[in-house]
Amino acid sequence: MSNSIQTHLKTEVIATFVINALLNGAIAWALLHGKTVLNLRGEEGIAVDLVITAFLLCLLLSWITIALQRRKVSSGQFPAVPADRFSVLRQIIRYLPDRPFGAALCIGLMATLVFAAPTIALLGLVGIEQLSVSHYLIFKTLWAGLIAALTCPLAVLFPMFKHNAMAAPAPLAGEPGN
């Protein structure tokens with residue numbers, strides 16, 4: 001992988017983790033500071049919060065990141081990406097809609113299924129039916145940062161691999177015509 005793309009991706013992932021962890025921790029604290037305990041289930045429970053967080057966080061993160069990265073790609077800031085790099089992400093991106101909001105919506109839905117559902121199942125499986133608000137704030141801060149960091153590469157690489165109506169993707173080394 002090109003050193004500049006690798007460095008850029010690493011920077012984006014780290015920044016995404018830090019920003020989203022702090023932001024989600026602060027939002028959770030503001031919403032929950034008067035409570036003492038949260039149940040796993042129920043309309044104001046941990047499960048509902050994790051589903052909403054996974055969907056909205058990854059939707060908004062992806063939509064914003066795709067827009068910012070498209071500008072960088074269309075201005076030529078990235079070199080050609082070798083065709084054998086990011087093969088799994090390339091396959092996922094291939095099936096996403098061409099439009100940034102459609103892609104972000106799909107990423108938000110995937111994040112809900114891939115991150116929120118297993119987390120909720122695991123909490124229930126290990127018998128955690130309640131958490132103190134302070135423990136939940138620590139958990140949610142780290143969890144939100146983690147899922148944002150894991151989602152970030154899809155959004156960063158989307159404009160490089162996906163043809164869309166607004167901007168051409170970065171050229172792929174080894175593709176016909178290069």
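These numbers come from the heavy atoms of this one structure, side chains and all, not from hydrogens, waters or symmetry mates. Worth saying up front: this structure is predicted, and the values here are computed from it rather than measured.
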Closest heavy-atom contact between A144 and L57?
-> O-CD2, 3.5 Å
What distance do L150 atom CG and F17 atom CZ have between them, rounded to the nearest 0.5 Å?
-> 10.0 Å
Straight-line distance of Q130 CD to T36 OG1, nearest 0.5 Å | 9.0 Å
Answer yes if I27 and V48 sit in the same cluster of Ile, Leu, Val, Met, Phe, Trp and Tyr residues linked by side chain heavy atoms under 4.5 Å apart, and no otherwise.
-> no
Nearest heavy-atom approach of P97 to C106 is CD-SG, 3.6 Å
Under the salt bridge (Lys or Arg N to Asp or Glu O under 4.0 Å) test, which residues partner K10, sequence neighbours left out?
-> none
Is there a path of hydrophobic side-chain contacts, each under 4.5 Å between heavy atoms of I, L, V, M, F, W or Y residues, that connects L146 with V114?
-> yes
Do you know which two heavy atoms are closest between L137 and T141, and how far apart they sit?
-> O-OG1, 2.7 Å
Enter the distance from S132:OG to I138:CD1 here, rounded to the nearest 0.5 Å.
-> 7.5 Å
State whether the side chain of S74 and the backbone N or O of R71 hold a donor-acceptor pair below 3.5 Å, judged by distance alone.
-> yes
Report, one line per pair, each donor and acceptor closer than 3.5 Å where one atom sits in a side chain of residues 152-159; sequence neighbours left out.
none

CG/L56 to CG/L61 distance, rounded to the nearest 0.5 angstrom?
-> 12.0 Å
side-chain contact (heavy atoms from CB on, under 4.5 Å) against I128, all qualifying residues, sequence neighbours excluded | L123, V126, L131
Answer yes if L96 and L113 sit in the same cluster of Ile, Leu, Val, Met, Phe, Trp and Tyr residues linked by side chain heavy atoms under 4.5 Å apart, and no otherwise.
-> no
Results of side-chain contact (heavy atoms from CB on, under 4.5 Å) for A54 - residues two or more places apart only | T112, A116, W143, I147
Atom pair CD (E44) and CG (L38), whose distance is rounded to the nearest 0.5 Å | 9.0 Å
Does R41 have any salt bridge (Lys or Arg N to Asp or Glu O under 4.0 Å) partners at least two apart in sequence or in another chain, and if so, which?
-> E129
Can you name the residues that form a side-chain contact (heavy atoms from CB on, under 4.5 Å) with L22, not counting sequence neighbours?
-> V18
Are side-chain heavy atoms of I120 and V51 found at a separation under 4.5 Å?
-> yes
Can you tell me how far OG1 of T65 sits from CG of L60, rounded to the nearest 0.5 angstrom?
-> 10.0 Å
Give a yes or no on whether Q91 atom CD has more than 12 heavy-atom contacts from other residues, nucleotides or ligands under 6.0 Å away.
-> yes
Under 3.5 Å: donor-acceptor pair, side chain of S75, backbone of K72 = yes
Transitive ILVMFWY side-chain link I52 to L105, under 4.5 Å | yes
Is F115 reachable from I107 through a run of hydrophobic residues whose side-chain heavy atoms are each under 4.5 Å from the next?
-> no
